[in-house]
There are 2 protein chains.
Amino acid sequence: MNDKQDPRKNATLKDVAGACGLSVATVSRYLNHSIKLPKATTDRIDAAIAALSYQPNPHARSLSLGRSETIGLVVPDISNPYFAHLAAAVERAASEFGLGLVLCPTLSRTDRELDYLGRLSRRHVDGLLFITNNGDDPALARALQGATTVVLVDDDIDGAIAPTIMADSEQGGYLATAHLIEAGHRKLAYVGGPARLTSSRSRVGGFRRAIAESGLEISISAELAGDYSSAHGRAAANRILSLDEPPTAIFAASDEIVLGMLAVFKQRGVKVGADISVVAFDDVGPLELFDPPLTAIRQPVAAMGRRAVERVLGLIKGGTREPETEILPVELIIRESVKPPRN
Amino acid sequence: MNDKQDPRKNATLKDVAGACGLSVATVSRYLNHSIKLPKATTDRIDAAIAALSYQPNPHARSLSLGRSETIGLVVPDISNPYFAHLAAAVERAASEFGLGLVLCPTLSRTDRELDYLGRLSRRHVDGLLFITNNGDDPALARALQGATTVVLVDDDIDGAIAPTIMADSEQGGYLATAHLIEAGHRKLAYVGGPARLTSSRSRVGGFRRAIAESGLEISISAELAGDYSSAHGRAAANRILSLDEPPTAIFAASDEIVLGMLAVFKQRGVKVGADISVVAFDDVGPLELFDPPLTAIRQPVAAMGRRAVERVLGLIKGGTREPETEILPVELIIRESVKPPRN
DNA sequence: CTGAAAGCGCTTACAG
DNA sequence: CTGAAAGCGCTTACAG
């Protein structure tokens, strides 16, 4: 009855083995499903584990195995709704695959991004899902050279050869703009993110393609690059309203931008829908709760999270590294912010 | 020139020691700042580290030390803006203190919450910051008994004796309601979260106290408990509008609830401010961008995150466990959703 | 002050 | 099939 077990210390594999008269090797193998044991034996082991409330020590396991069954999510800012939703999707997928998730927020600082890459090389995590707004920073591409288990999410990194999961921004821009044109608009504006980001360039690209393919006489009142923030939205709205020939419809490249524009429009008495049509991009905010409910391109957030996890898992399992870019389809969610233009 | 270093493998302490003709003990001590070495020696070590791009293996360190310098954040849902902001605040504080952060999202399922508590006892993480909506589940209080390094955040757990960091919900309810009364409202309603949560009960408590202390003849048209969601907000708004004697002002216990109410009000042509006044609670959404900009009680999210990290760090460092509850002050942010009632 | 050595708790070739 | 033993890469009492 007197096991010299200090109850304050966690039980170890050795304790369990001792308690059921087996070797640690056997118990370890049983726990790792690499052995078949008679029912009587496994019962004994299970009983010992329960009695000692044995919990394997993950650090010992990681050290021995050389991997941690944990991945990191590098993300600019978790309090941004789009990233928060993406993070939630990633976590869901990771936990389905039995992977732990370490949060690595960068505040978009390249030095912190590089730090986390170091964490990977230290084997702290087995792989990294990498979301960055600094894709044009050559330091990033350089640091990524050696890393074999990172997948880029949401945007790519110039000059880096790595598996990438992105939404179809080009198609999103196209769908949004085509929708506007279909509603009868002929004077359009684009308000978008930083021109240095692929995602952003693709959205304008789709915007222009829709216009070109329409074969109609369509004027572009403005193309305002900036960032994906509501501040940019406000500035852009003010600028657009002061144009000599303002557009009758706007495609904005993020929810946040639209929220900013909305504030200005309201303040200046411009009614979205009636006075000016708007399509947003992301569709993570409660866009249906706004006045009017906002039509938007919906990003495939859940699918992106899941695919990113699957891809990184493939890399970890040592597959050949196919640096293929996967583009996931977006969807046009029609609500009430697009109406025919006034005549 | 021929070091038998496989370049694909990470360098170890031993490699570094070998490269500079010292023992691993000395290099380890130097790295852990538990030793003073002549500059010439440290230079040699630093050079070796750089040359081999040595990175300490965190799992070996954790195993040896018995701690991981990592904490976990248990949270219902990271895509909820309030929790996303709280998580961002926690992460900021954690990284300031050199702590890693593991995300532990529960989807409010008690089984997953218990799982993560197991992670703690396995020493996977040194401590846990625990946010739950299941504070009334006795299983949680029971599981918490043994855990010495968890701090409860945002809400408490019935019957659990643990350090707790909360916002002053009672005072928030009071401030919101007093503000409504001051504006001239005499018919009020409360729309809140689950009555089983302390945070929720405190908010109604403050609501009632403000009414009682006003010494005025004030009628409570409705007190609708539910949850903190926009769905509850919609339902509540419909119910309130169909009251024989509807209130002229509402205190709602979360941003989300107000967003739901807003949708209904708009749809039914009720103007917030002019027709009905509203105060929200949380102030994490872009409340200033709504129509009208919403007055709200602001939760001290940043302070909560920081204090939670400081407290858990105190517990980890082995302080005595003082299960004291800390209540952080909230703030009334006045915008435009409260106007005097119509006569 | 410095180093050889034990120990942290696992996993898994290697022998029996 | 099973176990003794080496090894994963650190930290740190314990001796010199």
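Heavy-atom basis, side chains included; hydrogens, waters and symmetry copies ignored. We name chains A, B, ... by the order of the sequence lines, and we start the count at 1 in each one. Only a predicted model underlies this, so the values are computations on that prediction, with no experimental measurement involved.
Between K36(A) and Y30(A) there is no side-chain heavy-atom pair separated by less than 4.5 Å. Between T41(B) and T26(B) there is no side-chain heavy-atom pair separated by less than 4.5 Å.
Atom CG of D15(A) and atom P of dG9(C) are 9 Å apart (whole Å). Between the NE2 atom of H124(B) and the P atom of dC10(C) there is a distance of 14 Å, given to the nearest Å. Nucleotide dC1(D) holds its P atom 15 Å from the CD1 atom of I45(A), rounded to whole Å. Straight-line distance from the NZ atom of K36(A) to the P atom of dC1(D): 12 Å, rounded to whole Å. In this structure, CG of L22(A) is placed 8 Å from P of dT2(D), rounded to the nearest angstrom. A straight line from CG of L63(B) to P of dC10(C) spans 9 Å, rounded to a whole angstrom. As rounded to whole Å, 13 Å separates atom P of dG3(C) from atom CG of L13(B). As a whole-Å value, the separation of N57(B) CG from dG7(D) C1' is 13 Å.
Both distances falling under 3.5 Å, in either a Watson-Crick or a G-U wobble arrangement, occur for no nucleotide opposite dA4(D). When Watson-Crick and G-U wobble pairs are counted only if both distances are under 3.5 Å, dA13(D) pairs with no nucleotide at all.
In this structure, T26(B) reaches the dG3(C) phosphate: one of its side-chain N or O atoms is under 4.0 Å from OP1 or OP2. Look at Y54(A) and you'll find a side-chain N or O under 4.0 angstrom from OP1 or OP2 of dC10(C).
Looking at the side chain of R61(B), the nearest of the listed nucleotides dT2(C), dT2(D), dC10(D) is dC10(D). Among the nucleotides dT12(C), dC10(C), dT11(D), the one closest to the side chain of V24(B) is dT11(D). Of the listed nucleotides (dA4(D), dG9(C), dT2(C)), dT2(C) has the atom at the smallest distance from the side chain of L37(B). Side-chain proximity of S28(A) to dT11(D), dG3(D), dT11(C): nearest is dT11(C). Listed nucleotides dG3(C), dG9(C), dT11(C) differ in distance to L65(A); the shortest reach to its side chain belongs to dT11(C). Each of dC10(D), dA4(D), dC8(D) was ranked by its minimum atom distance to the side chain of R29(A); first place goes to dA4(D). Comparing atom distances between the P56(B) side chain and each of dC10(D), dC8(C), dG3(C) picks out dC10(D) as nearest.
Checked by atom type, the side-chain pair S199(B)/D155(B) shows a donor-acceptor distance below 3.5 Å.
With P as the reference atom, dT2(C) and dA6(C) are 22 Å apart, rounded to whole Å.
Between the side chain of S64(B) and the base of dG9(D) there is no donor-acceptor pair of N/O atoms closer than 3.5 Å.
E326(A) and R306(A) are not joined by a salt bridge, as no carboxylate oxygen comes within less than 4.0 angstrom of a charged side-chain nitrogen. The pair R112(A)-E91(B) meets the salt-bridge criterion, with a side-chain N (NZ, NE, NH1 or NH2) lying under 4.0 Å from an Asp/Glu carboxylate O.
Remark: the backbone N or O of S68(A) is paired with a side-chain donor or acceptor of T70(A) at under 3.5 angstrom.
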